[in-house]
A.B. asks: 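I am attaching a structure below and will ask some questions about it afterwards.
Quick note on labels: first sequence line is chain A, next is B, and so on, each numbered from 1.
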Number of protein chains: 2
Amino acid sequence: MSSTSQVSRATTKLNKGDLCNPSCPSRGVLEHVTSRWGVLIFILLRQRTHRFSDLGRRVGGVSQKMLAQTLQNLEADGFVTRTVHPTVPPQVEYGLTPIGLEAATRVQQLAVWIEDITPKVLQVRAKRVRTPS
Amino acid sequence: MSSTSQVSRATTKLNKGDLCNPSCPSRGVLEHVTSRWGVLIFILLRQRTHRFSDLGRRVGGVSQKMLAQTLQNLEADGFVTRTVHPTVPPQVEYGLTPIGLEAATRVQQLAVWIEDITPKVLQVRAKRVRTPS
DNA sequence: CTGTATCCTCTTAGATACTG
DNA sequence: CAGTATCTAAGAGGATACAG
């Protein structure tokens, strides 16, 4: 508990291809980006900016809590912008930073590919249900 | 439990860009591929085939249970091959199918990019800690 | 409208022990 | 070696109520 020297070195040092290391900070970033709701938020924000309730309505099955939490993570990482319009009632606009747009593009490319091959995956899954031997 | 008509229609129909729909099957596939351990397994298997304990050693922080579970998911989806060599002691070789290789390549591209921008993300996070206003 | 706070449930995931 | 089974702890996540 008291040996911090190793830890501090581990968290400040960023080795390439070190994702398999549990203390690699990139792992946290990757998990934010590829998180269940993060992916969908990226895809929606890439089309246009959205308001909070907007996102809540379009992302099927998300709760307010997880929506807020995911948005805060992505904002803290510098992917998402949060703009408060001083109107009444309050209106908050979520968008993407330049780096967020790049992330969104990459994530969506992966998502589109997944959608493309999903039929094939479903076929494979279905076959595996057959009685083996 | 007995009304299968609605469900079967929902699961067989694959609309493009329908990821926001909670019942879209692509969401499950995407979650397998981008899962915490799935990403790392893809990256390792892209280099070469690995044995079970091999993966367990190289993927930092994974338990046998999660390793087996993730591998089974990816195998059931048709991304990962599992070859049992009838030796003693038993030896099981995990590798990638053609479609798995494609997935691994895309996943790794994303991972590499994340590693690239992680320093920037850490800077943003650090700044947010400063006293606001 | 945009959240936060609380409570509560259910899944995930790790540790350990055990089997073929 | 390559898993499975079981137990348990921690966290994800949802519903509701409430605040600014």
Side-chain angles (χ1 to χ4, degrees), chain A residues 1 20-23 27-41 44-45 48-77 80-95 128 132-133, chain B residues 20-23 27-41 44-45 48-76 80-95 128 132-133:
Chain A
M1 294 268 187
C20 288
N21 184 333
S23 58
R27 224 147 106 164
V29 182
L30 185 61
E31 282 168 19
H32 283 171
V33 171
T34 62
S35 70
R36 189 176 179 191
W37 308 117
V39 171
L40 303 180
I41 288 171
L44 289 176
L45 291 187
R48 59 173 175 83
T49 64
H50 282 74
R51 293 173 55 186
F52 184 83
S53 53
D54 235 358
L55 289 171
R57 237 172 288 115
R58 304 242 292 170
V59 178
V62 72
S63 64
Q64 279 191 328
K65 179 183 171 180
M66 289 315 297
L67 184 56
Q69 188 174 304
T70 306
L71 285 169
Q72 283 161 10
N73 281 340
L74 295 181
E75 190 200 356
D77 286 356
V80 160
T81 61
R82 179 177 179 274
T83 312
V84 181
H85 297 294
T87 61
V88 45
Q91 190 168 331
V92 180
E93 200 82 15
Y94 287 95
R128 294 200 110 265
S133 79
Chain B
C20 287
N21 184 334
S23 58
R27 222 144 109 164
V29 181
L30 184 61
E31 282 167 20
H32 283 171
V33 171
T34 63
S35 70
R36 189 175 179 193
W37 308 117
V39 170
L40 303 179
I41 289 171
L44 289 176
L45 290 187
R48 58 173 175 82
T49 64
H50 282 73
R51 293 173 57 186
F52 185 83
S53 54
D54 234 357
L55 289 171
R57 238 172 287 116
R58 305 243 291 168
V59 178
V62 72
S63 63
Q64 279 192 329
K65 179 183 172 181
M66 289 314 298
L67 184 56
Q69 188 174 303
T70 306
L71 285 170
Q72 282 162 10
N73 282 339
L74 295 181
E75 191 201 356
V80 161
T81 59
R82 179 177 179 275
T83 312
V84 182
H85 298 293
T87 61
V88 47
Q91 191 169 331
V92 180
E93 200 82 16
Y94 287 95
R128 295 202 108 266
S133 85

A.B. asks: Side chains of Arg27(A) and Leu40(B): does their closest heavy-atom pair fall under 4.5 Å?
C.D. replies: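 Yes, their side chains come closer than 4.5 Å.
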
A.B. asks: For the CD atom of Glu93(B) and the OG1 atom of Thr81(B), what is their distance to the nearest 0.5 Å?
C.D. replies: 8.5 Å

A.B. asks: Name each donor-acceptor pair under 3.5 Å that joins a side chain in residues 63-71 of chain B to protein atoms two or more places apart or in another chain, with its distance.
C.D. replies:
unit_1: Ser63(B); atom_1: OG; unit_2: Met66(B); atom_2: N; d: 3.3
unit_1: Thr70(B); atom_1: OG1; unit_2: Met66(B); atom_2: O; d: 2.7

A.B. asks: Write down the distance between CE (Met66(B)) and P (dA2(D)), rounded to a whole number of angstrom.
C.D. replies: 19 Å

A.B. asks: What is the 5' to 3' range of DNA chain C, first to last nucleotide, that sits under 4.0 Å from any heavy atom of chain B?
C.D. replies: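 Footprint of chain B along DNA chain C, 5' to 3': dA13(C) to dG20(C).
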
A.B. asks: What is the separation between atom CD on Glu31(B) and atom C1' on dG13(D), rounded to the nearest whole Å?
C.D. replies: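 Taking CD of Glu31(B) and C1' of dG13(D), I get 13 Å after rounding.
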
A.B. asks: Side chains of Leu45(B) and Leu55(B), heavy atoms from C-beta outward: is any pair under 4.5 Å?
C.D. replies: yes

A.B. asks: Kindly say if Tyr94(B) contacts the phosphate of dC1(D), meaning a side-chain N or O under 4.0 Å from OP1 or OP2.
C.D. replies: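 No.
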
A.B. asks: Taking only residues two or more places apart in sequence, or in another chain, which ones meet Val84(A) in a side-chain contact (heavy atoms from CB on, under 4.5 Å)?
C.D. replies: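 So Val84(A) forms a side-chain contact (heavy atoms from CB on, under 4.5 Å) with Arg82(A), Val92(A).
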
A.B. asks: Using heavy-atom distances to pick each residue's nearest nucleotide on DNA chain C, tell me which of Lys65(A) and Pro90(A) is more 5'.
C.D. replies: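 Checking each residue's closest nucleotide, the 5'-ward one belongs to Pro90(A).
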
A.B. asks: Quick one: is dG3(D) close enough that its OP1 or OP2 comes under 4.0 Å of any side-chain N or O from Arg82(B)?
C.D. replies: yes

A.B. asks: Rounded to the Å, how far apart are Leu67(A) CG and dG13(D) C1'?
C.D. replies: 13 Å

A.B. asks: Both Gln64(A) and Trp37(A) contact DNA chain D. Which one's nearest nucleotide lies toward the 5' end?
C.D. replies: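 Of the two residues, Trp37(A) wins.
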
A.B. asks: At under 4.0 Å, does any side-chain N or O of Ser63(A) touch on OP1 or OP2 of dG13(D)?
C.D. replies: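 No, outside the criterion.
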
A.B. asks: Between dG3(D), dG13(D), dA2(D), which nucleotide has the shortest distance from any of its atoms to the side chain of Gln72(B)?
C.D. replies: dG3(D)

A.B. asks: Could you tell me which non-hydrogen atom of Gly61(A) sits nearest to which non-hydrogen atom of Pro22(B), and how far apart they are?
C.D. replies: N-CG, 4.0 Å

A.B. asks: Could you give the CG-to-P distance, from Leu71(A) to dG13(D), as a whole number of Å?
C.D. replies: 14 Å

A.B. asks: At 4.0 Å (heavy atoms only), tell me whether Gly56(A) reaches a base, stays on the sugar-phosphate, or touches nothing.
C.D. replies: nothing

A.B. asks: Does dA2(D) have its OP1 or OP2 closer than 4.0 Å to a side-chain nitrogen or oxygen of Arg51(B)?
C.D. replies: yes

A.B. asks: State, with a plain yes or no, whether a side-chain heavy atom of Asp54(B) is found less than 4.5 Å away from one of Arg48(B).
C.D. replies: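 Contact flag for Asp54(B)/Arg48(B) side chains = yes.
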
A.B. asks: Select base, sugar-phosphate, or nothing to describe what Glu93(B) touches, counting heavy atoms under 4.0 Å on all strands.
C.D. replies: nothing

